[in-house]
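Working notes, structure below.
Because the structure is predicted, anything quoted here is derived from the model rather than measured. If you read the sequence from its start, that first residue is 1, and numbering goes on from there.
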Amino acid sequence: MRGMRARPPLPAVLTAALVTLALMTVTVTPARASLSPSTPVLRPAVTARYPHDRAAFTEGLQYLGGGLLIESTGQVGESGVRRWELKSGRVLAEVPTPLASAFGEGVSVLNGVAYHLTWQSGVAFALDAATLRELGRYRYSGEGWGLTNDGRSLIMSDGSSTLFWRDPKTFAVTRTLRVTDQGQPVKNLNELEYVQGSVYANIWLTDRIARIDPKTGNVTAWLDVQSLMQEASTDAAHSAQPLTFDDVSNGIAFVPERGTLLLTGKRWPTVFEVKVPGIRPETGTTGRAGSRR
């Protein structure tokens, strides 16, 4: 289950009681990923914080350069794709997912085209990355979760332990890769980001991000984002809008000119810019806008 689709309103007394309880217990505690003790665990260092729309049920995130981001959101009736400013959080352009009945999922920009997945509708949309105007549609089987690209191919997750490389012109699968941690499959691969030869993947309903070797499928390190989750949960609770069980870490974007990652989550109030060991600045770049190496 990817998210709460439609919840009936609660009575006012019960709502107040739940808010009070949330303020007393200000952190949402996601499941801990089952990790091999021999796989390194990295803890990102926060370098900056930026505002994030509390209504955004984040499914995809990518830095476009020049302080701009593209983000896709989920939930039926609320799904869409938007371009926004990192420093201010101001949305510059936004369109709903073109199929009104769809639950929107990941997004990735490659060669000026924003590819946008849906969860169970079996359709992906091609949008003009600058105007967000629809350019075309693709059919696929199974579920759509996360999406990134390596500069040539789209890389997609479906909630399993398998990654799929797809041709951006046809959306056909050209390669599959099973992800493992010391030989054990890593399931619930969600939002993705390709960074300097590695694929980073949120693991759904956990506070861990896997760093994956795209040649072997091996997890080469885990990013522990528990402290970010706790801070986001505390801030949300203090504003009387506590996070729910599925408002977990989801959203990874690489800022090449600073060699940092932008990390957020579903309905989080904050986007965290972090330094991660092994990620270096790339000179002469101001953003990828879908051109990746």
Side-chain angles (χ1 to χ4, degrees), residues 1-3 28-35 39 41-44 46 52 56-63 69-75 103-108 116-117 119 143-150 154-164 177 179-181 185-195 198-214 217-233 243-255 260-268 270-274 276 278-279:
M1 184 175 179
R2 300 286 288 115
V28 174
T29 304
R32 301 293 287 178
S34 180
L35 309 180
T39 303
V41 176
L42 309 176
R43 290 173 176 81
V46 176
H52 184 241
F57 196 77
T58 305
E59 298 292 356
L61 191 68
Q62 183 176 334
Y63 182 69
L69 291 162
I70 192 167
E71 180 178 23
S72 58
T73 59
Q75 302 287 17
F103 190 114
E105 288 287 346
V107 68
S108 185
H116 176 40
L117 298 174
W119 177 24
E143 296 186 353
W145 286 41
L147 195 65
T148 188
N149 73 81
D150 60 7
L154 298 167
I155 306 172
M156 173 179 155
S157 65
D158 68 350
S160 68
S161 59
T162 300
L163 293 176
F164 302 82
L177 181 70
V179 176
T180 60
D181 180 23
V186 178
K187 300 179 180 179
N188 290 332
L189 299 174
N190 202 358
E191 213 274 320
L192 307 173
E193 182 77 352
Y194 185 88
V195 182
S198 294
V199 176
Y200 288 75
N202 281 113
I203 309 302
W204 184 48
L205 293 182
T206 77
D207 50 19
R208 293 296 171 99
I209 294 172
R211 189 183 71 191
I212 303 161
D213 184 333
N218 295 333
V219 173
T220 58
W222 289 97
L223 272 62
D224 183 345
V225 297
Q226 184 182 36
S227 63
L228 307 186
M229 177 77 191
Q230 290 175 336
E231 181 178 329
S233 183
L243 301 183
T244 65
F245 83 97
D246 55 352
D247 293 340
V248 292
S249 172
N250 207 47
I252 311 166
F254 174 50
V255 182
T260 57
L261 296 182
L262 300 171
L263 303 180
T264 192
K266 301 170 187 285
R267 302 193 187 100
W268 283 20
T270 307
V271 173
F272 299 91
E273 185 166 4
V274 303
V276 174
I279 298 179

Do [X] and [Y] come close enough that some side-chain heavy atom pair is under 4.5 Å?
X      : Y      : result
Trp222 : Arg211 : no
Leu147 : Ile155 : no
Glu59  : Trp119 : no
Arg267 : Asp246 : yes
Thr180 : Val186 : no
Val179 : Val199 : no
Ile252 : Leu263 : yes

[atom2] on [Y] to [atom1] on [X], rounded to 0.5 Å:
X      : Y      : atom1 : atom2 : value
Asn190 : Trp204 : CG    : CH2   : 8.5 Å
Leu189 : Ile209 : CG    : CD1   : 12.5 Å
Thr148 : Tyr194 : OG1   : OH    : 9.0 Å
Glu193 : Ser198 : CD    : OG    : 12.0 Å
Ser157 : Ile203 : OG    : CD1   : 9.0 Å
Leu205 : Phe245 : CG    : CZ    : 6.5 Å

Legend entry - With Val274, the side-chain contact (heavy atoms from CB on, under 4.5 Å) member among Ile279, Leu261, Leu262, Val255: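 Running side-chain contact (heavy atoms from CB on, under 4.5 Å) over Ile279, Leu261, Leu262, Val255 with Val274 returns exactly one hit, Leu261.
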
Inset, instruction - Check whether the side chains of Asn149 and Ser108 place a donor and an acceptor atom closer than 3.5 Å, and report yes or no. - result: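 Present: a donor and an acceptor within the cut-off.
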
Legend entry - Flag for Glu105-Trp145: side-chain donor and acceptor within less than 3.5 Å: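 No pair is found: no donor N or O on one side chain lies under 3.5 Å from an acceptor on the other.
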
Inset, instruction - With Ser249 as reference, evaluate Thr264, Asn202, Thr206 under the side chain to side chain donor-acceptor pair (under 3.5 Å) test and give the passing residue. - result: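 Output: one option passes, namely Asn202.
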
Do you know the tightest heavy-atom contact between [X] and [Y]?
X      : Y      : result
Leu243 : Ser233 : CD1-CA, 3.6 Å
Pro214 : Leu177 : O-CD2, 3.4 Å
Gly74  : Phe103 : CA-CE2, 3.8 Å
Gly106 : Ser72  : C-OG, 3.5 Å

Legend entry - Main-chain N/O of Phe272 paired to Thr270 side chain as donor or acceptor, under 3.5 Å: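 Checking the backbone N and O of Phe272 against the side chain of Thr270, no donor-acceptor pair under 3.5 Å is found.
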
Inset, instruction - Mark yes or no for whether Thr260, through its side chain, and Glu273, through its backbone, hold a donor-acceptor pair below 3.5 Å. - result: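 No; judged by distance alone, with no hydrogens or angles, the pair does not exist.
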
Legend entry - Step-by-step side chain to side chain contact (heavy atoms under 4.5 Å, CB included) determination, Phe57 to Asp247: CA-CA 8 Å; Phe57 196 77; Asp247 293 340; 3.7 Å; yes

Inset, instruction - Evaluate the side chain to side chain contact (heavy atoms under 4.5 Å, CB included) criterion for residues Asp224 and Arg208: first the C-alpha distance (whole Å), next the side-chain angles of each, then the deciding distance (0.1 Å), finally the verdict. - result: CA-CA 5 Å; Asp224 183 345; Arg208 293 296 171 99; 3.4 Å; yes

Legend entry - Set of side chain to side chain contact (heavy atoms under 4.5 Å, CB included) partners for Ala56, sequence neighbours left out: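 If we apply the side chain to side chain contact (heavy atoms under 4.5 Å, CB included) test to Ala56, skipping adjacent residues, the hits are His52, Asp53, Thr58, Glu71, Thr73, Arg82.
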
